[in-house]
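In the text below, chain A, chain B and the rest are named by the order of the sequence lines, each starting its count at 1.
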Amino acid sequence: ETGVTQTPRHLVMGMTNKKSLKCEQHLGHNAMYWYKQSAKKPLELMFVYSLEERVENNSVPSRFSPECPNSSHLFLHLHTLQPEDSALYLCASSQRTGQIGELFFGEGSRLTVL
Amino acid sequence: AQSVSQHNHHVILSEAASLELGCNYSYGGTVNLFWYVQYPGQHLQLLLKYFSGDPLVKGIKGFEAEFIKSKFSFNLRKPSVQWSDTAEYFCAVNARGNYQLIWGAGTKLIIKP
């Protein structure tokens, strides 16, 4: 148990669907992250939120839309995705963004786009 | 651009063998260094980290890593592996003052019982 919970664990969607991934952290951290993990590739940072403000958007296509309503919750809204977006999406949190000490990860949401 | 290179995508060892996984990074400034591990079906978790001080750092489960600044390396070692060490191992580098972690592509380690 990491203190970071992601739902759903698995998601299959068509290219025209709209779905959302949810992340919740119970660690009292101030920073939250979305990463994309694809086989044989480095983790790709997608978004960073610090105290509910987005501080990084790593040239992510607009079909991915993050939302951070408070410091404990992070969402990733998905719409009109492409098959190449199929991957494991990881949420992580850290105490702060200024200097990364340790990231705490959730178990991920495995997304398959048909 | 900063990058992290992990030399082997797959490593297969027998139990009790010694392990060394390579990690090299490209960044000339001061860095923080990390090794994370992902056991099958589980979340990524921190194995060990280096911020400053003794370049030989010890982590959980008998792992250690040595920071060699002149070689831009942070190799992971374990003297005697166990079947339970089967996992994927990721090296990551953070430039001081920057919130981005730069990740290697990972090394899948399989330990044969």
(request) Considering only Ile, Leu, Val, Met, Phe, Trp and Tyr, and joining two whenever side-chain heavy atoms are under 4.5 Å apart, list the other residues clustered with I110(B). (result) I12(B)
(request) Could you pull out the closest heavy-atom pair between H73(A) and C68(A), with the gap in Å? (result) O-SG, 3.4 Å
(message) Apply salt bridge (Lys or Arg N to Asp or Glu O under 4.0 Å) to residues E107(A) and R9(A) and explain how you reach the verdict.
(response) CA-CA 8 Å; E107(A) 294 184 339; R9(A) 294 292 308 280; 2.6 Å; yes
(request) Among Y50(B), F51(B), W103(B), F90(B), find the one that has a ring pair (Phe, Tyr, Trp, His ring centres under 6.0 Å) with F34(B). (result) F51(B)
(message) Using a 4.5 Å heavy-atom cutoff, which residues in residues 37-44 of chain A come close to chain B?
(response) Q37(A), K40(A), K41(A), P42(A), L43(A)
(message) Below 4.5 Å, heavy-atom pairs only: which of Q38(B), E88(B), K108(B) has the largest tally toward chain A?
(response) Q38(B)
(message) Who clusters with F75(A)? Use side-chain heavy atoms, under 4.5 angstrom, across I, L, V, M, F, W and Y, and order the result by chain and number.
(response) none
(request) Considering only Ile, Leu, Val, Met, Phe, Trp and Tyr, and joining two whenever side-chain heavy atoms are under 4.5 Å apart, list the other residues clustered with I68(B). (result) none
(request) For chain A, find which of A92(B), G104(B), G106(B) contributes the most heavy-atom pairs closer than 4.5 angstrom. (result) G104(B)
(request) Run the salt-bridge test on E66(B) and R77(B) with the 4.0 Å N-O cut-off and return the result as yes or no. (result) yes
